[in-house]
Amino acid sequence: MQLATWNINSLKVRIGHVQDWLRSNPVDVLCLQELKLTDENFPVAEIAALGYTSHFTGQKTYNGVALLVNHAKVGEATDIVKNLPNFPDEQQRLITATVGGVRVVCGYFPNGQSLESDKFAYKLNWLDALTHWLSGELQRHPQLALLGDYNIAPEDRDVHDPAKWEGCNLVSPQERQAFARLQGLGLRDTFRMFEQPEKTFSWWDYRMGAFRRNAGLRIDHVLASAALAERCTGCEIDRVPRTWEQPSDHTPVVATFKD
DNA sequence: ATGGCTAGCAAAGCTAGA
């Protein structure tokens, strides 16, 4: 079983990239973030033509998340939950479903903007609510994966220039503690279960030739519950779509699990 | 390299992203 996550930064602009990527990477579930469109504008037919069922919760302009399910390989998704039941929120940042015996949680974590911002407090509150909700969800579903754009680089080796970024939004101690609390639930960062090339990142700024200089961050993650992590045989970041014309600033992360 | 892209909204520069 393969689970993937990709912040596509506007599904309207990137539908062609999603189609191209899924044709060469027919994963079982693809989690998308930053749809930036309302539900009535979701390209259900284009995704269905690829053999995937779409489940999504969108909003105008911002946020929006989706689960694309390869129904021929893993069957249809069940028990779909949109957003955090314990955190009323206008912003559409979470969608969860059971697919192929795994509870798949797709999240677009708040960015935070800066440590002084109200958005940073919102980010920490959102992370707190997510952690509490997940503790119950893990009891109900021992096989669970949390995929998405976390907007957190968990360690300095996930940052191209740790000195420059020290204490900043995305790498601050508060955010890394929140990430550690997720790990405290038994969730494991599948990427770090395996040997990886140094300076492997999942996001590069559009500006300043950041991709060319590999000046990136690893902020997109696949975390797996203890029981699911036992089945994990690999986790890779696919930087190829970042080389395509008019790319998303994020690139897909794919985790593979034994049946 | 100290936001110097990009997308959305809407019709010109704003907000937001990370």
Side-chain angles (χ1 to χ4, degrees), chain A residues 5-18 21 31-43 56-66 89-94 106-127 130 147-179 191 199-221 237 239 241-253:
Chain A
T5 178
W6 193 6
N7 178 324
I8 35 83
N9 184 21
S10 172
L11 184 54
K12 181 184 171 186
V13 171
R14 235 70 68 187
I15 179 64
H17 284 198
V18 171
W21 191 80
C31 300
L32 296 176
Q33 302 89 37
E34 281 209 88
L35 307 177
K36 294 188 174 180
L37 44 73
T38 49
D39 287 353
E40 64 268 26
N41 291 317
F42 194 97
F56 47 85
T57 182
Q59 69 180 85
K60 191 178 179 184
T61 310
Y62 304 116
N63 309 310
V65 286
D89 194 356
E90 301 282 305
Q91 303 185 35
Q92 304 304 306
R93 295 185 175 277
L94 205 80
C106 166
Y108 175 46
F109 294 32
N111 174 287
Q113 196 168 60
S114 70
L115 273 62
E116 302 77 27
S117 170
D118 292 344
K119 293 175 184 175
F120 190 78
Y122 165 75
K123 181 178 194 172
L124 296 183
N125 289 335
W126 190 93
L127 280 158
L130 173 70
L147 305 91
D149 175 0
Y150 284 57
N151 273 315
I152 300 173
E155 299 177 71
D156 279 352
R157 59 179 167 163
D158 302 312
V159 181
H160 72 279
D161 187 345
K164 179 184 160 190
W165 278 85
E166 188 179 3
C168 293
N169 189 45
L170 310 184
V171 310
S172 73
Q174 296 98 309
E175 291 160 87
R176 286 178 171 178
Q177 282 162 17
F179 189 90
F191 185 79
K199 300 190 182 301
T200 301
F201 307 123
S202 68
W203 169 86
W204 301 262
D205 201 303
Y206 282 122
R207 296 161 292 192
M208 299 176 285
F211 183 63
R212 176 180 50 76
R213 298 185 293 119
N214 195 31
L217 303 174
R218 191 176 72 94
I219 55 178
D220 301 87
H221 309 296
I237 295 177
R239 51 185 286 134
R242 192 63 175 77
T243 69
W244 295 345
E245 193 169 341
Q246 202 177 7
S248 169
D249 44 357
H250 296 253
T251 203
V253 185

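These figures come from a predicted structure and were not determined experimentally. Computed from heavy atoms alone, side chains included, the values below leave out hydrogens, waters and symmetry copies.
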Can you see if the side chain of [X] gets near the phosphate of [N] - specifically, an N or O under 4.0 Å from OP1 or OP2?
X	N	answer
A:Lys164	B:dT2	yes
A:Gln113	B:dT15	no
A:Arg213	B:dA1	no

What is the distance, to the nearest angstrom, from the [atom1] atom on [X] to the [atom2] atom on [N]?
X	N	atom1	atom2	result
A:Glu34	B:dA16	CD	P	13 Å
A:Asp249	B:dA16	CG	C1'	12 Å
A:Arg207	B:dG4	CZ	P	7 Å
A:Leu37	B:dA7	CG	P	14 Å
A:Asp118	B:dG17	CG	P	13 Å
A:Gln33	B:dA16	CD	C1'	17 Å
A:Phe211	B:dA1	CZ	P	22 Å
A:Gln59	B:dA16	CD	P	12 Å

Between [N] and [M], how far apart are the two [atom1] atoms, rounded to whole Å?
N	M	atom1	answer
B:dA7	B:dT2	P	22 Å
B:dA10	B:dA16	P	15 Å
B:dG4	B:dC9	C1'	23 Å
B:dG3	B:dG8	P	24 Å
B:dC14	B:dA1	C1'	24 Å

For a quick check of understanding: with a heavy-atom distance under 4.0 Å over all strands, which category does [X] fall into, base, sugar-phosphate or nothing?
X	value
A:Lys119	sugar-phosphate
A:Asp220	nothing
A:Asn151	sugar-phosphate

Residue whose nearest DNA chain B nucleotide is more 5′ - A:Gln91 or A:Tyr206: A:Tyr206
Judged by nearest nucleotide, the residue sitting upstream toward the 5' end of DNA chain B, A:Gln246 or A:Asn169, is A:Gln246
Ion pair check, A:Asp156 and A:Arg176, cut-off under 4.0 Å: yes
Pick one: which of A:Glu34, A:Gln92, A:Gln91 meets side-chain contact (heavy atoms from CB on, under 4.5 Å) with A:Tyr108? A:Glu34
Contacts of A:Arg242 that satisfy side chain to side chain contact (heavy atoms under 4.5 Å, CB included) - sequence neighbours left out: A:Trp204, A:Tyr206, A:Phe211, A:Pro247, A:Asp249, A:Thr251
Under the rule for side chain to side chain contact (heavy atoms under 4.5 Å, CB included), what residues qualify as partners of A:Asn125, not counting sequence neighbours? A:Phe87
Is there a side chain to side chain contact (heavy atoms under 4.5 Å, CB included) between A:Asn7 and A:Ile219? Walk through the geometry before answering. CA-CA 10 Å; A:Asn7 178 324; A:Ile219 55 178; over 6 Å; no
Are the side chain of A:His17 and the backbone N or O of A:Glu245 linked by a donor-acceptor pair below 3.5 Å? yes
Check whether A:Asn214 reaches the backbone of A:Lys199 with its side chain - one donor and one acceptor, N or O, closer than 3.5 Å. yes
Pull out every protein N or O sitting under 3.5 Å from an N or O of nucleotides 8-12 of chain B, one pair per line with the distance.
residue, atom, partner, partner atom, Å
B:dG8, OP1, A:Ser10, OG, 2.5
B:dG8, O3', A:Thr61, OG1, 3.4
B:dC9, OP1, A:Thr61, OG1, 3.1

Given A:Glu90 and A:Gln59, is the side chain to side chain contact (heavy atoms under 4.5 Å, CB included) satisfied, shown in steps? CA-CA 9 Å; A:Glu90 301 282 305; A:Gln59 69 180 85; over 6 Å; no
